[in-house]
Chemist: 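Shown below is the structure under consideration.
Below, chains carry the letters A, B, ... as their sequence lines are ordered, and counting in each starts from 1.
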Amino acid sequence: MSVESIDPFGLPLTMNHWLMKSELDVYPYSQLVADGWTHWDGVRNYQARNMMRDAMKVGDLVLFYHSNTKPPHVAGVARVTREGYGDFTSWDASSKYFDEKSTADNPRWFMVDIEPVCELTMVPLQDMKDNPNLEGMPLLQRGQRLSVQPVTEEQFAEVLRMAGVDAADL
DNA sequence: GCCAACGTTGGC
DNA sequence: GCCAACGTTGGC
């Protein structure tokens with residue numbers, strides 16, 4: 001989930017890896033590529049919010065997962081380009097994500113910005129379940145529904161390996 | 001379409 | 001603070 005590395009100035013950096021779910025027919029990876037970047041609005045779950053607000057950092061890498069499709073699968077890699085900030089759809093009365101308790105001054109909900117890094121050959125959910133190297137990955141836990149999840153660096157690299165990509169080449 | 005697994009809501 | 005009812009997620 002978190003690996004220490006050293007930046008060119010000798011300071012310790014923390015690099016995190018994540019998985020974000022998107023329904024294929026709502027916002028596919030190809031749309032992220034077409035848009036160039038997007039804000040990840042509409043998350044209304046406190047655990048997911050806390051990760052976006054507190055833990056996701058610029059440069060963090062994200063597995064982009066397509067849910068509600070057959071088969072469900074990881075479709076690409078994205079990168080965080082802006083850290084947690086108030087989700088403006090939460091104080092937009094015309095938005096379906098409107099929450100009267102959230103304001104620009106005191107947001108209840110947060111989002112991050114992401115950009116595409118590389119599309120992957122589809123990595124199906126079942127293949128990940130069948131891979132013993134991914135044991136313990138949150139996505140594979142029974143009943144796990146969080147739309148934003150942490151992933152260890154090892155799990156991240158393994159999923160890329162399954163798609164024929166070396167994480168070190170990103 | 002089914003249903004398990006949760007999270008949220010609201011009465012008490 | 002408990003817990004039943006309800007809504008949502010998301011694989012199957």
Chemist: Is there a donor-acceptor pair under 3.5 Å between the side chain of A/R79 and the backbone N or O of A/I114?
Modeler: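 No, A/R79 side chain to A/I114 backbone: no donor-acceptor pair under 3.5 Å.
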
Chemist: Has A/Q141 got a side-chain atom pairing as donor or acceptor with A/G143's backbone, closer than 3.5 angstrom?
Modeler: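 Judged by distance alone, no pair lies under 3.5 Å.
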
Chemist: For A/L19, does its backbone N or O pair with a side-chain atom of A/Q149 as donor and acceptor, under 3.5 Å?
Modeler: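 Checking the backbone N and O of A/L19 against the side chain of A/Q149, no donor-acceptor pair under 3.5 Å is found.
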
Chemist: Can you check each nucleotide of nucleotides 5-12 of chain C against protein heavy atoms at under 4.0 Å and return B for base, S for sugar-phosphate only, - for none, in 5' to 3' order?
Modeler: ---BBBSS

Chemist: Would you mind classifying the nucleic acid contact of A/Q47 as base, sugar-phosphate or nothing, using non-hydrogen atoms under 4.0 angstrom?
Modeler: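 Answer is sugar-phosphate: A/Q47 comes under 4.0 Å of backbone atoms only.
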
Chemist: Of the non-hydrogen atoms in A/N106 and A/T103, which two are nearest, and what is the gap between them?
Modeler: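 That would be N-OG1, 2.9 Å.
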
Chemist: Show your working on side-chain contact (heavy atoms from CB on, under 4.5 Å) between A/F88 and A/D41 and close with a plain yes or no.
Modeler: CA-CA 8 Å; A/F88 53 77; A/D41 62 283; 5.6 Å; no

